[in-house]
Trainee: 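I have a structure I would like to understand better, so I am pasting it below and will then ask my questions one at a time.
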Amino acid sequence: LWPWLLASSGLSALLQLVTLPFFPDSPSYLLIQKGNEEACRKAIRKLWGEGDHQAEIDDIMKEKGAMASTKTLRVLEVIKERSLRWQLYILMTVMTTLQLCGINAVESKFEEYLIPYVSLGVGLCECLSSILCSTLIDRFGRKVLLWGGYLLMSSVLALLTMTLSLQHRFFWMHYFSVILIFLFVVFYGIGP
């Protein structure tokens with residue numbers, strides 16, 4: 001029953017994967033990140049209908065100007081910056097409490113000696129995915145990461161369902177399942 005229950009969470013990911021290509025890009029993303037004003041106007045018309053949307057474009061341009069004057073900090077600079085300490089503490093708390101999410105319930109399918117390693121690996125993958133996401137989102141944009149994350153998560157869930165069903169037949173299937181869980185956590189952190 002566990003493999004099917006785990007696979008059922010892939011249905012929502014599959015639904016989002018199928019519908020995501022039909023969603024328009026964000027107007028602010030098109031104007032600020034891509035610098036494409038015509039695509040921005042087209043996206044605004046698609047979202048809000050025909051009309052004069054110059055005020056919204058002006059607001060986005062003001063936001064772009066404000067962002068240009070803001071300094072982008074590197075990871076070490078964020079850690080050293082005193083004004084960002086509370087945000088950093090909150091982020092660390094959230095990342096720590098992610099250990100209590102449901103993905104750790106999958107560990108009950110493994111032999112007793114593997115569970116501490118799986119738990120440690122899931123935590124490390126969550127940290128890795130948050131670091132990767134923060135660096136990749138600026139380069140590729142949210143839509144690409146969401147689309148890729150859902151596609152990869154769906155694939156991993158399908159494989160994980162098979163490996164959990166077959167792990168009593170092959171001794172090495174436990175290890176393959178653990179690797180798939182790690183990949184699922186990384187793709188979940190990068191995508192959705």
Side-chain angles (χ1 to χ4, degrees), residues 9-95 97-98 101 103 124-160 180 182-192:
S9 65
L11 292 176
S12 64
L14 185 62
L15 176 69
Q16 291 177 6
L17 175 69
V18 169
T19 59
L20 189 61
F22 301 107
F23 292 136
D25 285 320
S26 162
S28 59
Y29 168 76
L30 291 170
L31 190 58
I32 294 172
Q33 299 290 330
K34 297 292 187 179
N36 190 343
E37 188 170 337
E38 185 54 38
C40 173
R41 288 181 189 280
K42 185 178 175 184
I44 287 176
R45 281 193 303 273
K46 190 172 184 179
L47 289 171
W48 296 325
E50 294 297 325
D52 184 27
H53 301 291
Q54 189 59 41
E56 287 84 4
I57 292 175
D58 291 341
D59 286 342
I60 295 172
M61 291 302 287
K62 286 178 190 174
E63 181 182 345
K64 182 178 182 178
M67 288 177 63
S69 65
T70 305
K71 180 184 175 204
T72 304
L73 299 176
R74 298 185 186 279
V75 175
L76 272 169
E77 293 171 334
V78 170
I79 292 171
K80 292 177 183 177
E81 182 66 38
R82 293 183 85 52
S83 64
L84 299 176
R85 287 281 161 83
W86 276 109
Q87 291 91 335
L88 189 60
Y89 291 148
I90 291 170
L91 179 66
M92 289 170 53
T93 303
V94 168
M95 292 306 297
T97 56
L98 267 175
C101 74
I103 192 68
L124 291 174
C125 287
E126 288 168 351
C127 290
L128 172 70
S129 65
S130 65
I131 292 168
L132 279 175
C133 182
S134 64
T135 58
L136 293 177
I137 198 163
D138 290 334
R139 187 168 299 152
F140 297 110
R142 181 176 297 245
K143 190 173 183 178
V144 172
L145 289 183
L146 283 172
W147 195 80
Y150 282 126
L151 177 68
L152 293 170
M153 283 170 45
S154 300
S155 304
V156 166
L157 282 175
L159 287 172
L160 187 58
L180 288 173
F182 293 163
L183 287 174
F184 178 82
V185 171
V186 169
F187 296 148
Y188 176 80
I190 289 174

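These values consider heavy atoms only, across backbone and side chains, with no hydrogens, waters or symmetry-generated copies. Since we're looking at a predicted model, the values are computed, not measured.
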Trainee: Identify the two heavy atoms, one from Y188 and one from M153, that lie closest to each other, and give their separation to 0.1 Å.
Mentor: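 Heavy-atom minimum between the residues: CA-SD, 3.5 Å.
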
Trainee: What's the spacing between I60 CD1 and Y29 OH if we round to 0.5 Å?
Mentor: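 Separation between the atoms: 14.0 Å.
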
Trainee: For residues F187 and V156, determine if any side-chain heavy atom of one lies less than 4.5 Å from a side-chain heavy atom of the other.
Mentor: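 A side-chain contact exists here, since the closest heavy-atom pair is under 4.5 Å.
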
Trainee: If I compare all heavy atoms of I44 with all of E56, which pair ends up nearest, and what's the gap?
Mentor: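 Closest approach of I44 to E56: CD1-CB, 4.4 Å.
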
Trainee: Hey, is E38 close enough to R45 for a salt bridge, meaning N to O under 4.0 Å?
Mentor: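 A salt bridge is present here (some side-chain N lies under 4.0 Å from a carboxylate O).
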
Trainee: Kindly give the heavy-atom pair with the smallest separation between A43 and P27, and that separation in Å.
Mentor: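 Taking every non-hydrogen atom into account, CB-CG, 4.1 Å.
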
Trainee: Decide yes or no for R41 and Q54: does some side-chain heavy atom of the first lie under 4.5 Å from some side-chain heavy atom of the second?
Mentor: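 A side-chain contact under 4.5 Å exists here.
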
Trainee: Please report the shortest heavy-atom distance between K46 and F22, naming the atom on each side.
Mentor: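 Closest approach of K46 to F22, heavy atoms only: NZ-O, 4.2 Å.
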
Trainee: From I32 CD1 over to E63 CD, what is the distance, rounded to the nearest 0.5 angstrom?
Mentor: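 One gets 4.0 Å once the value is rounded to the nearest 0.5 Å.
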
Trainee: Working to the nearest 0.5 angstrom, can you tell me the gap between L47 CG and S26 OG?
Mentor: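 One finds 8.0 Å between CG of L47 and OG of S26.
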
Trainee: Would you compute the distance between atom CG of L20 and atom CG of L15 and round it to the nearest 0.5 angstrom?
Mentor: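 Here the rounded value is 10.5 Å.
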
Trainee: Atom OG of S28 and atom CD of Q33: how far apart are they, to the nearest 0.5 Å?
Mentor: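 The CD atom of Q33 is 8.5 Å from OG of S28, to the nearest 0.5 Å.
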
Trainee: Drop me the distance from E37's CD to L30's CG, to the nearest 0.5 angstrom.
Mentor: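 Between E37 CD and L30 CG, I get 11.5 Å after rounding to 0.5 Å.
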
Trainee: What's the shortest heavy-atom distance between L17 and Y150, and which atoms?
Mentor: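 Heavy-atom minimum between the residues: CB-CB, 4.0 Å.
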
